[in-house]
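Notes for the one structure printed next.
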Amino acid sequence: MTEQNQKKTTEWQREEQHLRECRALIAANIKEYEHQFNKRHKETKALFDEVQSGNVELYDQMITSRNLEEHSYNQLNKNNAAYDRPFFGRIDYKNLENKLSESIYIGKHGVLKDKVNVEVVDWRAPIASVYYENELGEGSYEIPDSNAKDRNKSLQYRINLILKRTYDIEDGVLKGFYDSDVAANDELLVKYLSKNRDAVLGDIIATIQKEQNEIIRESPFHNIIVQGVAGSGKTTVAMHRISYIMYNYKERFTSNEFCIVGGSDILIDYITGGLPELDVYNVKHMRMDEILTYLLHREWKKKYRITAPSVDQAWKSKMVFMEELEEYMQLLRNYILGNCFIYDEDIGMLLSQKNNDNFIKGNPAYSINKLLLTLDERLRNRIKLQCAGREEIDICKKKLSQYKNHFSSHCYQGSVVNLYLDFLRAYGETYYIDMSYLLKTIQQGIFDVYDAAAMLIIYYRALQKKPDDEFGQIFIDEAQDFGPTVYYALRTVLPDCFFTIMGDVSQNVNYEYGMNDWKDMTEKIFHGGKDSFKILAKSYRNTIEISNFAGKILRSASRGVYQIEPVIRHGEPVQFMDSISVAEAVGTSAEIIDRMRTKGYETMAVICFTDEDKKTVSKRLSRQITLTDAAKSGFSKGVLVLNVTETKGLEFDCVLLWKPDLAGFHDNPKTAKLLYVAATRALHELFVVN
């Protein structure tokens with residue numbers, strides 16, 4: 001045996017020994033935490049029974065016991081999850097500050113050796129960023145400075161990275177390890193990507209790439225827009241970013257301050273289904289229409305309903321519409337607040353126009369009604385000050401009564417809907433738009449998301465009493481499906497909230513009123529010093545064969561602006577199945593699905609381009625194979641028949657495209673985007689049934 005082979009064998013034995021020791025520690029932890037959990041569970045139950053019986057003095061003790069029980073439960077779950085695959089990476093480095101050398105193993109879940117020593121570092125810990133981002137040699141990593149007044153400030157540590165190693169471990173057995181300058185060696189990455197969808201999601205932490213990691217670990221006090229091609233990991237990056245922020249900034253954000261926003265229930269179900277695996281619980285999730293109407297509070301009535309936007313009213317999704325609305329609300333603000341000085345002949349100047357103007361300009365986030373209420377408060381204080389020391393009896397009381405509700409009597413008492421109707425009439429006259437149909441539907445309580453966004457701005461500018469501080473972090477997936485006005489509304493009414501916005505303008509299925517570029521978002525909405533725009537160009541989802549097919553479509557869908565850089569993973573060629581009749585096409589589809597099941601594929605989709613085709617295929621195909629009802633089950637294993645819009649953000653082991661327009665997409669970007677979305681849903685195999 002050569003010296004090099006001997007050295008490799010010795011290193012392999014050393015790593016196997018470390019894996020055995022690590023798993024033995026985890027097994028001991030599991031036993032201990034099981035004991036702790038059972039003991040504390042009994043204690044909590046006994047204390048609860050005592051409190052219920054009237055012994056309220058034990059309430060605080062019960063809460064403490066319950067917290068200890070929850071801690072034991074969480075540690076038990078983490079150790080159970082870590083047992084089969086304790087770690088996936090290792091870094092050896094020298095700290096250049098104190099000259100100490102360290103070797104750290106990194107895993108999906110942190111593993112404690114005892115109360116102060118860590119056996120396996122959690123992937124979210126700051127030091128783990130070295131594994132994802134640093135090359136061998138001198139570099140640095142950062143730790144958020146929780147004591148600094150500036151929330152973006154961090155402490156930097158200089159290191160010399162000596163070793164970066166990635167492990168392939170399955171069911172507690174070491175299959176291999178790779179030393180590399182790049183995290184997740186390509187050989188291992190391709191191996192993971194070749195698995196079915198559920199397995200890929202489970203292994204993705206080990207294969208996070210540098211450009212993805214930068215987004216995940218970006219400061220939570222920044223707004224990020226991410227343009228990512230199909231399969232670039234946008235959804236996965238968003239999920240991991242939530243997990244990262246919750247782990248590192250638990251003193252600043254609680255789980256109920258997070259909200260995931262998507263365009264459909266099936267997409268939200270897909271996203272939230274993977275969060276518990278990332279140690280994320282209790283985050284809010286809403287469709288876009290739900291969060292807009294939720295923020296309207298009492299102004300949104302139960303009798304109102306949201307409908308799909310109309311192509312004929314796509315102008316409501318454009319920024320010029322929102323700019324006109326803001327100008328309209330400013331004129332209303334000036335009209336109501338433009339002449340508010342008060343001079344009283346008995347006690348003198350109470351509020352000067354200059355003083356009021358400075359106050360109003362200094363509080364641009366105050367609604368008209370809040371300004372009026374605050375002006376009343378200022379007026380009362382001024383009266384008390386002016387009357388102080390005067391000899392006249394009851395002059396203060398008299399003046400307070402005289403000026404009672406002087407400003408607030410002008411507060412708007414009507415509904416947001418009525419103000420919106422007034423604006424629409426004015427807007428229609430300005431741009432020569434026939435508003436009769438729109439006005440009628442709104443009067444009937446029927447709105448789309450752009451109406452809701454406009455009414456949210458009106459509510460914020462005219463009626464809001466106090467700021468919304470419920471949300472601290474909002475994550476929006478498939479962002480391109482909505483026009484910029486909804487983001488303008490959210491950004492405006494939630495100024496202290498931070499946004500992570502993921503999308504791909506090449507996948508905009510709502511061509512007329514969605515986003516076909518990011519210009520308005522980056523130039524008019526998110527354009528501050530703490531707003532950034534990132535690009536994910538590499539696709540990890542599709543095989544080379546599927547990517548090449550999708551790439552031809554993408555040239556028409558995005559006019560060449562964003563191109564796919566596929567990971568080198570080969571598979572079966574895209575197969576085109578010609579059929580004479582619908583019946584024959586259904587039979588062919590059933591045969592393909594049966595064949596794919598024998599390959600072990602668990603998630604399959606037949607994607608249709610019209611709702612009529614979807615109904616036909618669902619009805620006929622269900623006679624030959626068992627279908628999964630997405631309306632009842634959300635995203636789950638099995639065979640789903642979906643239209644293109646319903647597949648947004650999802651991925652399947654195998655996809656069948658039902659009678660796409662392969663001739664029409666070259667000169668029609670709208671058709672190209674629909675076809676591009678459908679084709680890129682496939683992880684491994686793609687069939688085109690004509």
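Taken from CD in Q473 to OG1 in T254, the straight-line distance is 11.0 Å, to the nearest 0.5 Å. Distance check, rounded to the nearest 0.5 Å: OG1 of T647 to CD1 of I607 gives 4.5 Å. Note: I433 CD1 to L424 CG = 9.5 Å, rounded to the nearest 0.5 Å. Separation of atoms CD1 (I476) and OH (Y487) is listed at 5.0 Å; rounding is to 0.5 Å. To the nearest 0.5 angstrom, I342 atom CD1 is 10.0 Å from I347 atom CD1. With values rounded to the nearest 0.5 angstrom, Y488 atom OH is found 8.5 Å from L325 atom CG.
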_I'd like to know whether S367 forms a side-chain hydrogen bond (donor to acceptor under 3.5 Å, both in side chains) with Q464, so could you lay out the CA-CA distance, the side-chain angles of the two residues, the decisive distance to 0.1 Å, and finally the verdict._
CA-CA 6 Å; S367 69; Q464 188 185 60; over 6 Å; no
*asked:* Between T671 and N668, does the side-chain hydrogen bond (donor to acceptor under 3.5 Å, both in side chains) criterion hold? Intermediate values first, please.
replied: CA-CA 5 Å; T671 301; N668 188 329; 3.3 Å; yes
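Look at K648 and E478 and you find a salt bridge, because one of the NZ, NE, NH1 or NH2 atoms lies within 4.0 Å of a carboxylate O, short of that distance. Using a 4.0 Å cut-off between charged nitrogen and carboxylate oxygen, K354 and D357 do not count as a salt-bridge pair. At a threshold of 4.0 Å, the pair R461-E326 counts as salt-bridged, since one of the basic side-chain nitrogens sits closer than that to a carboxylate oxygen. Taking a cutoff of 4.0 Å between a charged side-chain nitrogen and a carboxylate oxygen, E646 and K614 qualify as a salt bridge. Using a cut-off of 4.0 Å between Lys/Arg side-chain N and Asp/Glu carboxylate O, D344 and K399 are scored as salt-bridged. For E512 and K670, the salt-bridge test passes: some basic side-chain N is under 4.0 Å from an acidic carboxylate O. Salt-bridge check for K524 with E323: passed, with a basic side-chain N closer than 4.0 Å to an acidic carboxylate O. Salt-bridge check for R287 with D289: passed, with a basic side-chain N closer than 4.0 Å to an acidic carboxylate O.
A side-chain donor-acceptor contact under 3.5 Å links Y450 to the backbone of G483. With S232 contributing its side chain and A537 its backbone, the two residues share no donor-acceptor pair below 3.5 Å. With N356 contributing its side chain and C340 its backbone, the two residues share a donor-acceptor pair below 3.5 Å. At least one donor-acceptor pair under 3.5 Å links the side chain of T441 to the backbone N or O of L438. In this structure, Q353 contributes its side chain and G338 its backbone to a donor-acceptor pair below 3.5 Å. A donor-acceptor pair under 3.5 Å is absent between the side-chain atoms of N248 and the main chain of I245, judged by distance alone. Remark: side-chain polar atoms of D517 are paired, donor with acceptor, to backbone N or O of K519 under 3.5 angstrom. Put simply, the side chain of D451 never gets that close to the backbone of F447: no donor and acceptor are under 3.5 Å apart. Panel note: side chain T485, backbone K316; a donor-acceptor pair is recorded below 3.5 Å. Judged by distance alone, with hydrogens and angles left aside, the side-chain atoms of T272 form a donor-acceptor pair with the main-chain N or O of I268 at under 3.5 Å.
Residues V280 and S255 are not in side-chain contact: their nearest non-hydrogen atoms beyond the backbone lie 4.5 Å or more apart. Here the side chains of M515 and P484 are in contact, with some heavy-atom distance below 4.5 Å. At a threshold of 4.5 Å between non-hydrogen side-chain atoms, the residues I360 and R333 count as touching. Inter-residue side-chain proximity for F475 and M502 is flagged as unmet; no heavy-atom pair is nearer than 4.5 Å. In this structure the side chain of I260 never reaches within 4.5 angstrom of the side chain of D477, judged on heavy atoms. Between I224 and R241 there is a side-chain heavy-atom pair separated by less than 4.5 Å. Within the 4.5 Å cutoff, the side chain of V493 has no heavy atoms near those of the D468 side chain. By the 4.5 Å heavy-atom criterion applied to side chains, I143 and Q156 are not counted as neighbours.
By the 6.0 Å contact criterion, CD on E612 is open, its count of non-hydrogen atoms from other residues, nucleotides or ligands being 12 or less. Around NZ of K250, the count of heavy atoms belonging to other residues, nucleotides or ligands within 6.0 Å exceeds 12. The number of heavy-atom neighbours closer than 6.0 Å to NZ of K284, taken from other residues, nucleotides and ligands shown, is above 12. The environment of OH in Y437 is sparse: at most 12 heavy-atom neighbours from other residues, nucleotides or ligands sit within 6.0 Å. By the 6.0 Å contact criterion, CZ on R425 is enclosed, its count of non-hydrogen atoms from other residues, nucleotides or ligands being greater than 12. Within 6.0 Å of atom OH in Y335, 12 or fewer heavy atoms from other residues, nucleotides or ligands are found, so the atom counts as exposed in its surroundings.
Y513 and A314 get closest at one heavy-atom pair: CB-CB, 4.0 Å. Contact between C259 and I291 at its shortest, heavy atoms only, is SG-CD1, 4.2 Å. The two residues D504 and G228 come nearest to each other via the heavy atoms CB-O, 3.0 Å. Residues F471 and L295 approach most closely at CE1-CD2, 3.9 Å, considering heavy atoms. Of all heavy-atom pairs between F341 and S352, the closest is CB-C, 3.8 Å. Scanning all heavy atoms of the two residues, the minimum distance from M329 to I368 falls at O-CD1, 4.5 Å.
Across Y420, Y432, F321, a single residue satisfies ring-ring contact (aromatic ring centres under 6.0 Å, His included) together with Y427, and that is F321.
Between F526 and W518, the ring centre distance reaches or exceeds 6.0 Å.
Using the six-membered ring where Trp is involved, F253 and F498 have ring planes that are perpendicular, over 60° apart on the 30 and 60° scheme. A tilted orientation is assigned to the rings of H297 and Y294, their planes being inclined by 30° to 60°.
Remark: the N510 side chain and the D481 side chain contain no N/O donor-acceptor pair separated by less than 3.5 Å. With 3.5 Å as the limit, one finds a donor-acceptor pair spanning the side chains of H222 and E218. When only modelled atom types and interatomic distance are considered, D376 and S408 share a side-chain donor-acceptor pair under 3.5 Å.
Both tests hold for K370 against Y366: distance to the six-membered ring centre under 6.0 Å, angle to the ring axis within 45°. With F359 as the aromatic partner, R378 meets the cation-pi criteria of under 6.0 angstrom to the ring centre and within 45 degrees of the ring axis.
For Y328, the ring pair (Phe, Tyr, Trp, His ring centres under 6.0 Å) partners are F423, not counting sequence neighbours.
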